[in-house]
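Worksheet: the structure to be examined is printed underneath.
Residue numbers begin at 1 in each chain, while the letters A, B, ... track the order of the sequences.
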Number of protein chains: 2
Amino acid sequence: MTDPRVRLNQMIAKLQAYNFRITPQSLAVLKILAASLDHPSVERIYEQVKAVFPTTSLATVYKTINLLKEVKEVLEVRVSAGNRFDGNRPFPHPHVICLKCKKIIDPDLSGIQELTEEAAQKTGYRITEHCLDFFGICPDCQAEE
Amino acid sequence: MTDPRVRLNQMIAKLQAYNFRITPQSLAVLKILAASLDHPSVERIYEQVKAVFPTTSLATVYKTINLLKEVKEVLEVRVSAGNRFDGNRPFPHPHVICLKCKKIIDPDLSGIQELTEEAAQKTGYRITEHCLDFFGICPDCQAEE
DNA sequence: GTATGTGCAAAGAGTTTGCAGGGTA
DNA sequence: TACCCTGCAAACTCTTTGCACATAC
């Protein structure tokens, strides 16, 4: 993973470049996302922020995440169990998601670039983003069966 | 695409195998999904069903789609602009989605099987499904720019 | 100092559920 | 005939919005 401090500075720099202000509350959200290894949900981020700033509202968390989405400093992983976020790697990358415990990990896969080019060539679309998620059962949940 | 009549019969057979009943309303939903080339939204399906059965409720459309999801006879495409459905090809396959007009098309891509195996091998997950969606601008919307 | 972010509550969108009545197998 | 499906309305979840106040720059 990228060093969370480096990611945090990148996020701050990007937000400031867009003239968004950094506040203690939004900074707390940034810190959590910059260090996220576990793709937290909005609710989870909210709980962690409240541990530091108990008066923080859920709306503020949503607003901050939306700013980050706008400047492409966070990646939203859309899953039916509730969306999750990755602020450490804010660019498209594959996920492997456990259908039982909802654990998400990031494998390094080769060949996505080629696949994207193939899709662009065959459809004529100018492709800017992608989403590649695998679903299944993680080793821990397999062991429990 | 698969012949809509063939798909319709497959859907009916699968639902009956699970002891679900076929009604005029649910049949109307099945017919639309079996012939879907354009990945309709729930709202769109609802409108088309109402054209035939004006008293149909949105809840019935949702319930029927959920049955089909349960027996894996429809594929849900999760997009932020509102989820869309494919009843003609109810198995995982790639989509190319236009960010402007929301048009969705299905390219034939090679290499997804290999990528799935690579992901399974590197993570230890037993992978059963995947979701591969590309986002960009379609040729029509590019021409308008 | 001024525009922007915060916190609260209410509104909004999308989806699900409970129940009474009607229709399928 | 018995049970399931429908249609309606209410509930529910997730997310956004409006407004008064606080605060970063």
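Contact check for B:L68 versus B:L30: side-chain heavy atoms found under the 4.5 Å cut-off. A:P139 places a side-chain heavy atom less than 4.5 Å from the side chain of B:Y125.
Residue B:N66 has no polar side-chain atom (N or O) positioned under 4.0 Å from OP1 or OP2 of C:dT15. The shortest distance between the side-chain N/O atoms of B:Y62 and the OP1/OP2 oxygens of C:dT15 is below 4.0 Å. Between B:Q25 and the phosphate of D:dG7, there is a side-chain N or O to OP1/OP2 separation shorter than 4.0 Å. Side-chain nitrogen and oxygen atoms of B:T23 include none within less than 4.0 Å of the OP1 or OP2 phosphate oxygen of D:dC5. Under 4.0 angstrom from either OP1 or OP2 of D:dT6 there lies no side-chain N or O belonging to B:S57.
Set against C:dG7, D:dA9, D:dC25, the side chain of B:A59 has D:dA9 as its closest nucleotide. Distance from the side chain of A:L58 is smallest for D:dT15 among the nucleotides D:dT15, C:dG7, D:dC5. In this structure, of D:dT15, C:dT15, D:dC5, it is C:dT15 that holds the atom nearest to the side chain of B:V42. Comparing atom distances between the B:R21 side chain and each of D:dC25, C:dT6, D:dC5 picks out D:dC5 as nearest.
In this entry the distance linking CG of A:L67 with P of D:dT17 reads 12 Å, nearest Å.
For C:dG18, its base sits under 3.5 Å from the side chain of B:K63 at one donor and acceptor pair at least.
The residue A:P24 sits close only to the backbone: its heavy atoms come under 4.0 Å of sugar-phosphate atoms, none of a base.
The aromatic rings of A:H95 and A:H39 sit perpendicular, their planes meeting at an angle over 60°, well past the 30° parallel limit.
Within 6.0 Å of atom NZ in A:K72, 12 or fewer heavy atoms from other residues, nucleotides or ligands are found, so the atom counts as exposed in its surroundings.
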